Amino acid sequence: MPTCRDRLVVILSSSTYDMPVAIPTLRPWIPPAETKADVKWANLRTIDLSQFDSPIAVEREAVYENFKTAVFEDGFLYLVNFGLTQEEIDEQFAIAQNALIDSQITPEEKERLEWKYLNTGKYTGYKPRGYWDIAKGVKDNVESFNYYSETMCDGGHLPVCLRNHIDKIAQFNQYCHDVINKKLLSLLSRMLELPENYLWDNVQSHNGVIGEGYFRQMMFHPVSESNRKKAEVQMHGHQDYGVTTLLLSQPIAALQVLSADGDWRYVKYKPGGMIVNLGEVLEFLSGGHLPATRHRVTQCPPDQADQYRLTIGLFTAAKNDVSLAPLTTSPLLAREGYVSRFEPGAEGIVDATKIPTAEEWRIARVLRSQTPPEDIVEVKGVKYNRQYFRGIYVLEPI
């Protein structure tokens, strides 16, 4: 049976949607100027991924030790030299720019492809701006388009301007997922003192181009002066719910991470770089040893206020049937202990049948993505949002 990847080639020439036509030339993406404002920058570590496969053992070990420190201490890190050229990176920004900043998605396509995540539990398709309340009297200023493996393989789920470039989008995502992410999971498996392929083989989803994860092209519109005064943030603090997040670095200063000292700090632009953070799946499986760091998007500094901000990221996911119970086979967890995120409910027990799978948690998180914490508890000095789920309580990091 043809795979999703096999069908990508067919889609581009299929008469089901459009006869083959010349693909319009993209307007080159020129990165906006970096801010000159005096802001607090996060001091994130940089991992040179080209040394992951170095023939020199000490260089390979240096990658691992630097990565381990970045995960334990910061939860966010930069990747450089990960195998994509600057031209390939700029091409992804140009594709997103064409669709969102240059408004090549037609009104009809926006209406037809508008996401229905409350019906599906997935962020499939187009998100219009003004969808959520950010502050009193202030709506969000974000447009985005979201792809899943199956929608990359179906021209009907794509506006024409993106369908024209779906081969490049799919190739970019497949490389990020199967090459970059696989190396990251190898390093994370080592941190748990498990075989290096453990997380890739037993946790990471491989169903389609990007498994059960999703790819997002997002644009933040410039914000009016009145709304900048009303709302400091554009996207409130949160953790990603999947396995890993791979985000192309861009110059508009707005992404912030919550540092260990409780202060929010901006993530600085790293030309040609990628920003990586871990999702809740790994925090659950590791019993808290691999943290899903809280982050948010704020208003950018005044000297960038008139710029559109493009964000491009891959959010990877676990296999649907993976239990989120801690990996007690990990020597690290066995030796140092762990925090269980599951507490008894009315029935007074927590067993394997009640602990959610990755798919169940993923859908639940999408359906309540705009619901603020309602039942906050503290365990060993860490605050959690306690969610009732199928007879037990799940402690979600906040």
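These numbers come from a predicted model, not from an experiment.
The list of salt bridge (charged side-chain N to carboxylate O under 4.0 Å, His left out) pairs with a residue in residues 84-104, not counting sequence neighbours, reads Arg27-Asp102. Residue pairs meeting the salt bridge (charged side-chain N to carboxylate O under 4.0 Å, His left out) criterion with at least one partner in residues 227-255, sequence neighbours excluded, are Glu232-Arg296. The salt bridge (charged side-chain N to carboxylate O under 4.0 Å, His left out) contacts involving residues 62-77 comprise Arg45-Glu73, Arg45-Asp74, Glu65-Lys68, where partners must be two or more places apart or lie in separate chains. Among pairs with a residue in residues 51-96, those fulfilling ring-ring contact (aromatic ring centres under 6.0 Å, His included) read Trp29-Phe93, Phe76-His295, at least two apart in sequence or across chains. Listed by first and then second residue, the salt bridge (charged side-chain N to carboxylate O under 4.0 Å, His left out) pairs that reach into residues 47-56 are Asp53-Lys183, sequence neighbours excluded.
The structure places CZ of Arg368 at 6.5 Å from CG of Asn385, a figure rounded to the nearest 0.5 Å.
A donor-acceptor contact shorter than 3.5 Å is absent between the side chain of His165 and the backbone of Arg163.
Remark: Lys354 NZ is packed, more than 12 non-hydrogen atoms of other residues, nucleotides or ligands lying under 6.0 Å away. A 6.0 Å sphere centred on CD of Glu111 holds no more than 12 heavy atoms belonging to other residues, nucleotides or ligands. Within 6.0 Å of CG in Asn119 there are more than 12 heavy atoms belonging to other residues, nucleotides or ligands.
The aromatic rings of Tyr123 and Tyr241 sit tilted relative to each other, their planes meeting at an angle between 30° and 60°. Using a 30° and 60° split on the angle between ring planes, His221 and Tyr308 fall in the perpendicular class, above 60°. Between Phe389 and Trp361, the ring-plane angle classifies as perpendicular under the 30° and 60° cut-offs.
If you look at Phe284 and Phe342, their ring centroids are closer than 6.0 Å. Aromatic rings from Tyr126 and Phe145 are positioned such that their centres are separated by 6.0 Å or more.
Note on Val203: it clusters hydrophobically with Leu194, by side-chain heavy-atom contacts below 4.5 Å among ILVMFWY residues.
Within the 4.5 Å cutoff, the side chain of Gln387 has no heavy atoms near those of the Arg365 side chain.
With sequence neighbours excluded, no residue forms a side-chain hydrogen bond (donor to acceptor under 3.5 Å, both in side chains) with Lys319.
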